[in-house]
Amino acid sequence: MKVAITSTGNTTDSKLDQRFGRCSYFVIYDQETGGIEFIPNPGKEASDGAGPAAVQLVASRNVQKIVSGEFGIKIKSLLDSLKIQMIIIRDPDRKIEEIINMLNQ
Amino acid sequence: MSPRPHRLRKISNPPVISGFKPYRNKTIDENAEAIFLQYEEYETLRLCDHEMLNHKQASERMAVSRPTLTRIYSSARQKIAEAFVMGKQIIIEGGKIYFDSEWYTCRRCGCYFNNPEKDSWTNNCPMCRGNDISSAGDISNLDGITI
């Protein structure tokens, strides 16, 4: 199963980005192979439509869960219809590495 | 003057099937027109007659007023009764709605998560695999979460 995590940087030391649509990087983590992929978010500076564009990007990677700090109003119904699970962590100091370790428990 | 547009109705559990067909109806034409039951009508029926909520509680779940809920509910019953009596098929589709899945919180790691798969559900947190989860209720009221 693949999981998308929003990240502030492109290393596993980076912290969880609290925004979904305008995060700096998406981390695509594959739970079966343990592969980690960093994708820069093209919609980071977008004035509008960043959220739906981000959904399209992560959905094209076949992720089934998204971990972030917050999801905007346009995103929810989109992800519901795509059957992608949203996980909210209200902790800006959480590192990507810690989240991956938690997922592997 | 045009009427005020309908308020969107919140659907938390979409139906697992898309309709019903009558069987062994000897007297009635198989190709008779179908009854179109709207999603919001299905949802009122689910809340009022399956979860056994009263109209006030059900209206809060669907984010509409109590009289509106009663109106949708009576229309749902009328349609179903007509389908039963006339032997018509029921197709569930359409309506002014938005989907909203139910939210849960994990007491162990403090995360919030929703459940997009209605039919397959395990009682474990998707993050830490802990089983101490509880329903988060209406998450839009929680501090700092914009959903």
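Convention: sequence-line order gives letters A, B, ...; per-chain numbering from 1.
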Check your understanding: Is V67(A) reachable from Y29(A) through a run of hydrophobic residues whose side-chain heavy atoms are each under 4.5 Å from the next?
Key -> yes
**Study point:** Derivation and outcome, side chain to side chain contact (heavy atoms under 4.5 Å, CB included), residues R90(A) and Y112(B)
**Key:** CA-CA 8 Å; R90(A) 307 292 301 171; Y112(B) 295 93; 4.3 Å; yes
Exercise for review: Count the heavy atoms belonging to other residues, nucleotides or ligands that lie under 6.0 Å from CD of E37(A), then report whether that count exceeds 12.
Suggested key: yes
Check your understanding: Are Q85(A) and F113(B) side-chain neighbours, meaning at least one heavy-atom pair lies under 4.5 Å?
Key -> yes
Review point. Is the count of non-hydrogen atoms from other residues, nucleotides or ligands lying under 6.0 Å from K2(A) atom NZ greater than 12?
Key: yes
Check your understanding: Counting only heavy atoms not in F20(B), do more than 12 sit closer than 6.0 Å to its CZ atom?
Key -> no
Practice item. Please look at V3(A) and chain B and tell me whether the side chain, the backbone, both or neither of the residue comes under 4.5 angstrom of a heavy atom of that chain. Key: neither
Exercise for review: Counting only heavy atoms closer than 4.5 Å, note whether I75(A) contacts chain B via side chain, backbone, both or neither.
Suggested key: neither
Review point. Going only through I, L, V, M, F, W and Y residues with side-chain contacts under 4.5 Å, is there a path from L57(A) to M86(A)?
Key: yes
Practice item. Find the distance between CZ (R94(A)) and SG (C111(B)) and round it off to the nearest 0.5 Å. Key: 8.5 Å
